[in-house]
Amino acid sequence: MQPIIQSLLDTDLYKFTMWQTMLHRHPQTEAEYTFVCRNQPGYALSELLGEVNAQLDHLCTLRFQPQELAYLRSLRFIKSDFVDFLRIFEFQREFITATVDGPTLVIKAVGPQVHTMAFEIFVLAIVNELYFRRSDQAAALVEGRKRLQGKIEILRAFEKEPALRNPFEFFDFGVRRRFSRDWQTEVVTTLKREVPQYFKGTSNVLLAKELNLVPIGTMAHEYLQTYQALGMTLRDFQRAALEDWVQEYRGDLGVALTDVVGMDAFLADFDLYFAKLFDGLRHDSGDPFVWGEKALAHYAKLRVDPQNKRLVFSDGLDVPTALKLYRAFAERTQTGFGIGTNLTNDVGLTPLNIVMKLTGANARPVAKLSDSPGKTLCNDQTFLAYLRQVFRFPASV
């Protein structure tokens, strides 16, 4: 068995930032996370069951190493008591199960949220790498390097364009959908070497540490969704989540995710108080050009200067799309672009569209109402209908 995960830092930064907040503010929360494959794989994922369980067994033997803890402690927004918690942390195998239902691979993590929330990225990286190990590795790497060079050439051609008011900056967001750990390392290393003027960081904490890059990330959907089950009025869950974030980070990590119940409902909660306290917004579903115009119009209505804010785009991007968005908005605001699958799994094979989402907390359902068809996820249709009603979200999406 070749271990895929060899360090507990080999995950996204926002897992740590959400983890710290929940440990400090809602450590008693119980949670359920469910693995889902949204597209048709080339072969049944159930065939991977034995290998997945072996990888999970290995994952649950790992501990944070002293140099890893020292790195986390060096990040000014990570608090010392959280590092002390991580020093003794170890995944509990009883909290995660992998089984099959016919051709479907079924993975669930159920238990205290501070012990289950970190499974997500590791599970996705494990399933991806196991799945693609059955492909022609040599041919995939040849094609991947060819395509990576094509991206670099696009960026070098872009360098000849007239400069806009704010710079173009992009980041690697590709842990969860990567072809392999080694390929992500090669991609990030190559981009740092070849286009450092544009490539400014990675969500992968281990690679940020090893390559001296900026670790990138703030919050994901699960953070806001958890607040749907914490006892406050459902209408107030976004404001409660944003307020806890502000109090936890006191000005750091100031990019808010906007699409848990749609952009319109988010902006209704994102008043002048939050608009001044947060540095910017992140797009993850719906038309990014429409979203960006809505964001700028909202700042204008609040009389907040958008030049002091940042719009971060991260939904299914490739380099050409990122550049189109940059040209559309960079004169009016700061921008940033998180590119995932198209960086770390663009090797000529069809990527898996897999997620591991929060589907319940404290024995209550939670849901995401996406601005993109097909991304809405909820196991309880009654709760989903109620959430749509509360936030006046159209049922057609």
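- You'll find the ring centres of Phe132 and Trp183 outside the 6.0 Å limit.
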Working for salt bridge (charged side-chain N to carboxylate O under 4.0 Å, His left out), residues Arg133 and Glu51: CA-CA 11 Å; Arg133 277 181 180 177; Glu51 294 171 275; 5.3 Å; no

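- Taking each heavy atom of Val214 and Ala208 in turn, the nearest pair found is C-CB, 4.3 Å.
- Side-chain N or O atoms of Thr258 include none that pairs as donor or acceptor with a backbone N or O of Met263 at under 3.5 Å.
- Arg177 and Asp346 are not joined by a salt bridge, as no carboxylate oxygen comes within less than 4.0 angstrom of a charged side-chain nitrogen.
- Aromatic ring orientation, His298 versus Phe270: tilted (interplanar angle from 30° to 60°).
- Remark: aromatic rings of Phe391 and Phe237 are close, center separation under 6.0 Å.
- Electrostatic pairing of Asp269 and Arg235 counts as a salt bridge here, judged by a charged N lying under 4.0 Å from a carboxylate O.
- Taking the six-membered ring for Trp and thresholds of 30 and 60 degrees, Phe85 and Phe89 have ring planes inclined between 30 and 60 degrees apart.
- Under a 3.5 Å cut-off, the side chain of Glu331 and the backbone N or O of Phe329 do not form any donor-acceptor pair.
- Between Arg181 and Asp10 there is no salt bridge, since none of the side-chain N atoms of the basic residue sits less than 4.0 Å from a carboxylate O of the acidic one.
- Remark: aromatic rings of Phe337 and Phe171 are distant, center separation not under 6.0 Å.
- In the displayed structure, Tyr273 atom OH is contacted under 6.0 Å by more than 12 heavy atoms of other residues, nucleotides or ligands.
- Taking the centre of each ring, Tyr198 and Phe158 come in below the 6.0 Å mark.
- Put simply, the side chain of Thr11 reaches to within 4.5 Å of the side chain of Phe16, judged on heavy atoms.
- Stacking of Lys200 on the aromatic ring of Phe168 is not recorded, the 6.0 Å distance cut-off and the 45° axial limit not both being met.
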